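See below for the structure under consideration.
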Amino acid sequence: MDNIFQDFTAESELFKDKEVLHPTYNSTYLPHRTKQIKILAAALSPALKGEKPSNVFIHGGQGIGKTATVKYVCTELEAMCKKIGRKCTIVYINGEIFDTQYRVFAYLARVFNKRVPMIGWPTDMVYSEFKAAIDTEERCVIVIIDDADKLAHKGDEALYILSRINSELTNAKLSVVCISGDSAFMELQEPEVRSALCEKEILFLPYDTYQLIDILEDRAKKAFNASQLGDAVIPLCAEFAVQEQGDVRYALDLLRVAAEIADRTKSKKLTQEHVRLAKEQIEEHWIAEVVNTLPLQSKILLNAIIILIKATAKRYLFSGEVYATYQKICAELSIEALTQRRVTDLISELDILGLLTAKVINRGRYGRTKEISLIVPVESIQLALTGETTLEPAASIKVESESGIVWG
DNA sequence: CTTCCACGGGAACACTGGGGTG
DNA sequence: CACCCCAGTGTTCCCGTGGAAG
């Protein structure tokens, strides 16, 4: 009997260093971003003279090098400060994880060795702890807030406070670098906050096909044994990524997954066909991942939507019918149904996640509603939902066009 | 001009999981 | 220990509102 790990022991013929293709890999090779690097470096350079760097607002689409650029410039700055003996601390905060005012300041305080619980204290107390911690000596603190838009709706108070903290500091100086995938987010801030945080503004434009090819070729050189890489594989990845707004991460994922497929099937060469397969697999995985991490109520809602779509064969659904079906399913499962108000929000969340689109329309005499349509295959969602045992009884629910619901 | 439906903002509430104090 | 304070989350309740069909 073979050992179950037998298949995994073989050295890959294709990969030299797979890490390079991973999204967490920090590349210092940032072609086509020299302009942005220069502007950012100039904005932060006052730190070298013990002056306060400008607050910077960086925006542009997903996976086009914003974070990588900032991290690169900051590492360089830190190194230079060390060399010339300046105190400069750079704190990186991901607004998706630290998404409330309290969490941001608690984390910041902890970075400066204050013992602050991650929950429990009044926020202003946490804030004073942080302030006291940094103001003990002359130093420069640069706070990078990545995905600042994620923080914005629940914790935008934090941005406001950070934008004016310097007036309360005597020794230290603090600057904020906001990174946002959503360019509109800063417009929603109060005018004073906006002008304070946007002393410098840097826009990242999506990469075009040729720039993507550059980046991918560099990584591929490090990741693969060159002879195994088929022609036009990289251009194809680049092309697909351009369709995803020039997302490098997506392009690298494609390349990595394609290579894994080639590896698994023991192919001699990495081909375009592998890339196409990878594209499908990534999409499928993504849907499964998103659907599975949804709260139960959203899964029920999604279930209602696919049942309706399959039963009526309509391209668009209206919120009224979706809610009615949702209620029936809840009844069947003996789960308390949420109110329509709440379900409206859940639908909007599914929209943001990218599983469906929901457009508000007015049907005149027939009122206001949301026009809902899935933007991923019904089968994929159904597949992803099959694991959910709670939903199993719902599978028997049948729907008759407009008139209502019949039990099957 | 009315009517209709549900959108979506806002307040208020219940709960949770942590604090500090007497 | 009991007790109240605090931030945060998910929800309900209330309600003003859009805008084309009738």
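Every heavy atom of this structure was used, including side-chain atoms; hydrogens, water molecules and symmetry mates were not. Reminder, nothing fancy here: chain letters follow the sequence lines and each chain counts from 1. Since this is a predicted model, take the numbers as computed values, not measurements.
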**Rounded distance (Å) that lies between atom C1' of C/dT12 and atom CG of A/Asp345** = 12 Å
**Whether A/Phe130 and A/Phe112 hold their rings parallel, tilted or perpendicular, with breakpoints at 30° and 60°** = tilted
**Request:** Round to a whole Å and report the spacing from CZ of A/Phe105 to C1' of C/dC6.
**Result:** 16 Å
**Item:** A/Gln101 CD - C/dT9 C1' separation (whole Å)
**Value:** 16 Å
**Message:** Is the positively charged end of A/Lys370 above the ring of A/Phe318, judged by distance under 6.0 angstrom from the centroid and angle within 45° of the axis?
**Reply:** no
**Request:** Considering just the side-chain nitrogens and oxygens of A/Arg363, establish if one lies under 4.0 Å of OP1 or OP2 belonging to C/dG22.
**Result:** no
**Item:** Separation of C/dC6 C1' from A/Ile119 CD1 (nearest whole Å)
**Value:** 9 Å
**Asked** Taking everything shown except A/Glu217 itself, do over 12 heavy atoms lie less than 6.0 Å from its CD?
**Response** yes
**Complete:** Tested for side chain to side chain contact (heavy atoms under 4.5 Å, CB included) against A/Leu346, the lone hit among A/Asp351, A/Leu294, A/Leu301, A/Ile300 is A/Leu301
**Prompt:** Which residues in residues 120-134 of chain A have at least one heavy atom lying under 4.0 Å from any atom of DNA chain C?
**Reply:** A/Trp121, A/Pro122, A/Thr123
**Prompt:** How about A/Lys173 and A/Val141: do any of their side-chain heavy atoms sit closer than 4.5 Å?
**Reply:** no
**Prompt:** For the pair made of CZ in A/Arg342 and P in C/dT12, what is the distance, rounded to whole Å?
**Reply:** 8 Å
**Asked** Roughly how many Å is it from CD in A/Glu371 to P in C/dA20, rounded to a whole number?
**Response** 14 Å
**Request:** Ignoring hydrogens and angles, tell me if any N or O in the side chain of A/Asp147 forms a donor-acceptor pair with the backbone of A/Asn94 under 3.5 Å.
**Result:** no
**Asked** Parallel, tilted or perpendicular: which describes the rings of A/Phe105 and A/Tyr127, with under 30° parallel and over 60° perpendicular?
**Response** perpendicular
**Request:** Taking heavy atoms of chain A and a 4.0 Å limit, find me the 5'-most and 3'-most nucleotide of DNA chain B within that range.
**Result:** B/dT3 to B/dG20
**Request:** State, with a plain yes or no, whether a side-chain heavy atom of A/Glu78 is found less than 4.5 Å away from one of A/Cys88.
**Result:** no
**Asked** When the distance from CG of A/Asn362 to P of C/dA21 is rounded to whole Å, what number comes out?
**Response** 10 Å
**Integer-rounded Å distance: C/dG16 P and A/Arg368 CZ** = 15 Å
**Prompt:** Distance check: side-chain N/O of A/Arg341 vs OP1/OP2 of C/dT12, anything under 4.0 Å?
**Reply:** no
**Item:** Under 3.5 Å donor-acceptor, A/Arg363 side chain and A/Arg368 backbone
**Value:** no
